[in-house]
*Asks:* 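Take a look at the following structure, please.
Order of appearance sets the numbers: ligands from 1, and atoms from 1 within every ligand. In this text, all values refer to a predicted model and were calculated from it rather than measured experimentally.
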Amino acid sequence: MTFTGKVAVVTGAASGIGRATALALGRRGARVALFDLNPEGMAETAAQLQQAGAQSQSYGLDITNQEQVNQTVAQVVERWGSLHIMVNAAGINQAGPTSYGPGIEVSEADWDRMMDVNLMGTVHCALAAAQYMRPLRRGRIVNVASVAGAVPRMNMASYCVAKAAVRMFTKCLALELAAFSITVNAVAPGPTQTPMLGSAAGDADPQALERMIAGNPDIYRLGVPLGKLGQPEDVASAIQYLASDEAHHVTGVILNVDGMAQLT
Ligand SMILES: NC(=O)c1ccc[n+]([C@@H]2O[C@H](COP(=O)([O-])OP(=O)(O)OC[C@H]3O[C@@H](n4cnc5c(N)ncnc54)[C@H](O)[C@@H]3O)[C@@H](O)[C@H]2O)c1
């Protein structure tokens with residue numbers, strides 16, 4: 001599998017799954033545009049890409065701002081003359097003080113923020129890419145959903161709903177863009193060892209990750225049947241396949257990368 005000659009945008013590239021994906025694509029020859037709010041994190045990703053001999057360019061932006069997204073995607077196309085792959089990995093699992101807790105108590109502001117980043121941020125980036133790809137009749141869009149968008153999780157209602165929406169958006173867009181040979185797929189990670197997971201598990205509690213694997217009746221019930229957390233590279237491998245030329249006949253798929261946590 002090679003990405004030589006390909007231009008890829010990866011959102012959330014400053015950390016976790018986005019960083020691992022940027023590195024995976026860059027190491028296989030793609031030029032990678034890094035999109036994120038966090039300049040320090042992007043600088044670290046860019047340094048790792050440079051070490052690997054890959055080309056990248058960092059763009060600081062907030063994916064909730066549609067105009068900024070459109071302008072930034074246009075800048076990428078202007079710089080490198082093309083856009084073949086859009087990976088939407090930016091996301092949040094905490095949108096404010098009430099977003100982790102009983103759904104009945106989540107504030108409107110926290111609902112809005114969760115939906116803005118996880119759903120509308122993904123929508124803005126996917127559409128900006130699709131606008132460019134459609135006349136060329138080719139392209140790969142890969143969204144990062146979650147098993148939490150298919151299986152309800154205690155105290156995570158707004159996150160689960162936003163990720164469920166990302167899953168359906170992926171399928172609808174796949175259907176609409178199929179006539180243009182553009183594929184749209186999503187990966188659905190289970191618990192994956194990134195900074196985001198630490199905050200979900202409770203950073204202060206060293207046994208929290210163990211409980212997440214073993215199962216916690218209040219939150220994750222049966223845990224992860226494969227008995228381990230995912231690594232960002234595990235998710236990046238699946239994204240890499242969906243972004244590849246080889247996956248040209250695969251669209252509208254939600255690929256679980258979760259050690260079978262979707263059953264729990
Ligand atoms: N880690 C897990 O267990 C897990 C499980 C399922 C799904 N996911 C999903 O995977 C994706 C990546 O998560 P991660 O675990 O790597 O988290 P992470 O916190 O390590 O990385 C998320 C990145 O998104 C960026 N970001 C957040 N809001 C943004 C915005 N408005 N504009 C631009 N950038 C923004 C952050 O700065 C950060 O660099 C997310 O969509 C997350 O919901 C993660």
Side-chain angles (χ1 to χ4, degrees), residues 9-24 33-46 58-66 68-69 72-73 87-96 99-100 112-126 128 142-151 153 156 158-167 169-170 186-201 203 208-209 212-213 219-220 223-224 228-236 238-239 254-259 261-262 264:
V9 169
V10 179
T11 76
S15 180
I17 292 166
R19 172 179 287 166
T21 302
L23 290 169
L34 313 175
F35 281 19
D36 207 290
L37 283 171
N38 172 356
E40 293 82 19
M42 278 194 292
E44 174 56 30
T45 306
S58 299
Y59 297 88
L61 85 169
D62 184 337
I63 57 165
T64 65
N65 183 329
Q66 186 170 23
Q68 213 179 22
V69 167
T72 313
V73 167
V87 178
N88 290 307
I92 54 173
N93 64 350
Q94 313 254 345
S99 66
Y100 185 82
D112 285 348
R113 181 73 190 152
M114 192 68 89
M115 297 303 282
D116 264 1
V117 177
N118 288 343
L119 175 61
M120 294 316 297
T122 299
V123 169
H124 294 152
C125 294
V142 185
N143 298 326
V144 180
S146 172
V147 293
V151 183
R153 300 294 192 210
M156 293 171 68
S158 60
Y159 181 78
C160 292
V161 169
K163 290 297 183 178
V166 169
R167 295 168 76 104
F169 170 66
T170 300
V187 292
T192 306
Q193 210 153 16
T194 70
M196 177 182 282
L197 187 69
S199 65
D203 286 320
L209 292 178
M212 195 175 275
I213 296 168
I219 307 174
Y220 288 95
V224 185
K228 56 190 169 61
L229 296 172
Q231 297 302 314
E233 293 74 19
D234 300 330
V235 183
I239 294 173
I254 314 292
L255 179 55
N256 294 320
V257 187
D258 68 340
Q262 83 273 12
T264 69

*Asks:* Got a second to check how far N256's CG is from Q262's CD, nearest 0.5 Å?
*Replies:* 4.0 Å
*Asks:* At the 4.0 Å heavy-atom cut-off, does P195 count as touching ligand 1?
*Replies:* yes
*Asks:* In the protein, what heavy atom is nearest to atom 3 (O) of ligand 1, and what distance, to one decimal place, separates them?
*Replies:* T192 N, 2.8 Å
*Asks:* Examine distances only and state if a side-chain atom of R167 and a backbone atom of S146 form a donor-acceptor pair shorter than 3.5 Å.
*Replies:* yes
*Asks:* Have a look at ligand 1 and work out which part of S15, if any, has a heavy atom under 4.0 Å from it: side chain, backbone, both or neither.
*Replies:* both
*Asks:* Which ligand 1 atoms, with their elements, are less than 4.0 angstrom from a heavy-atom of G16?
*Replies:* 16 (O), 20 (O)
*Asks:* I'd like to check the ring pair (Phe, Tyr, Trp, His ring centres under 6.0 Å) partners of Y59; sequence neighbours left out, ordered by chain and number.
*Replies:* F35
*Asks:* Say you draw a straight line from CG of L61 to OG1 of T72; how long is it, rounded to the nearest 0.5 Å?
*Replies:* 4.5 Å
*Asks:* Regarding atom 36 (C) of ligand 1: of the candidates N118, N65, T194, D36, which has the closest heavy atom?
*Replies:* D36
*Asks:* Looking at I92, is its backbone amide N or carbonyl O close enough to the side chain of N118 to form a donor-acceptor pair, meaning the two atoms are under 3.5 Å apart?
*Replies:* yes
*Asks:* Check if T11 has a non-hydrogen atom at a distance under 4.0 Å from any atom of ligand 1.
*Replies:* no
*Asks:* Among all protein heavy atoms, pick out the one at the shortest distance from atom 26 (N) of ligand 1; state its residue, atom name and that distance to 0.1 Å.
*Replies:* A90 CB, 3.9 Å
*Asks:* Counting heavy atoms only, which part of K163 comes closer than 4.0 Å to ligand 1: side chain, backbone, both or neither?
*Replies:* side chain
*Asks:* What protein heavy atom is closest to atom 10 (O) of ligand 1, reported as residue, atom name and distance in Å?
*Replies:* V144 CG1, 3.2 Å
*Asks:* Any heavy-atom pair between the side chains of N65 and H124 that's under 4.5 Å?
*Replies:* no
*Asks:* Any idea which part of L61 is under 4.0 Å from ligand 1, heavy-atom wise: side chain, backbone, both or neither?
*Replies:* backbone
*Asks:* Roughly how far, to the nearest 0.5 Å, is NZ of K163 from CE of M114?
*Replies:* 9.5 Å
*Asks:* Considering only non-hydrogen protein atoms, determine which one is nearest to atom 32 (N) of ligand 1 and report residue, atom name and distance to 0.1 Å.
*Replies:* I63 N, 3.1 Å
*Asks:* What residue and atom, counting heavy atoms only, is the protein's closest point to atom 29 (C) of ligand 1, and at what distance?
*Replies:* L37 CD1, 3.5 Å
*Asks:* Numbering the atoms of ligand 1 from 1, which are under 4.0 Å from a heavy atom of P191?
*Replies:* 3 (O)
*Asks:* What is the closest protein heavy atom to atom 16 (O) of ligand 1, and at what distance does it sit?
*Replies:* I17 N, 2.8 Å
*Asks:* D116 and side-chain contact (heavy atoms from CB on, under 4.5 Å): which partner among T64, D62, I63?
*Replies:* T64
*Asks:* For atom 31 (N) of ligand 1, what is the nearest protein heavy atom, given as residue, atom name and distance?
*Replies:* D62 OD1, 2.9 Å
*Asks:* Looking at ligand 1, is there an atom of it that comes within less than 4.0 Å of some heavy atom belonging to F35?
*Replies:* no
*Asks:* Between I17 and T194, is any pair of side-chain heavy atoms under 4.5 Å apart?
*Replies:* yes
*Asks:* Which atoms of ligand 1 are found less than 4.0 Å from any heavy atom of Y159?
*Replies:* 6 (C), 7 (C), 8 (N), 9 (C), 42 (C), 43 (O)
*Asks:* Could you check whether N143 and T122, counting side-chain N and O atoms only, form a donor-acceptor pair closer than 3.5 Å?
*Replies:* no
*Asks:* Is A89 touching ligand 1 with its side chain, its backbone, both, or neither, if touching means heavy atoms under 4.0 Å apart?
*Replies:* backbone
*Asks:* For atom 19 (O) of ligand 1, find the nearest protein heavy atom and state the residue, atom name and distance (0.1 Å precision).
*Replies:* M196 CB, 3.7 Å
*Asks:* Does at least one non-hydrogen atom of G190 fall below 4.0 angstrom from an atom of ligand 1?
*Replies:* yes
*Asks:* Relative to atom 7 (C) of ligand 1, which among G91, A148, A145 owns the nearest non-hydrogen atom?
*Replies:* A145
*Asks:* Hey, could you give me each pair passing side-chain hydrogen bond (donor to acceptor under 3.5 Å, both in side chains) that has a residue in residues 34-45? Not counting sequence neighbours.
*Replies:* R19-T45, E44-Q48
*Asks:* Identify, by atom number and element, the atoms of ligand 1 in contact range of S146, meaning under 4.0 Å from any of its heavy atoms.
*Replies:* 6 (C), 7 (C)
*Asks:* For Q231, does its backbone N or O pair with a side-chain atom of T192 as donor and acceptor, under 3.5 Å?
*Replies:* no
*Asks:* Contact between V144 and P189 at the side-chain level, heavy atoms closer than 4.5 Å - yes or no?
*Replies:* yes
*Asks:* Side-chain contact test, heavy atoms from C-beta onward, threshold under 4.5 Å: evaluate it for V123 versus Q66 and give yes or no.
*Replies:* no
*Asks:* Heavy atom under 4.0 Å from ligand 1: found in V117's side chain, backbone, both, or neither?
*Replies:* side chain
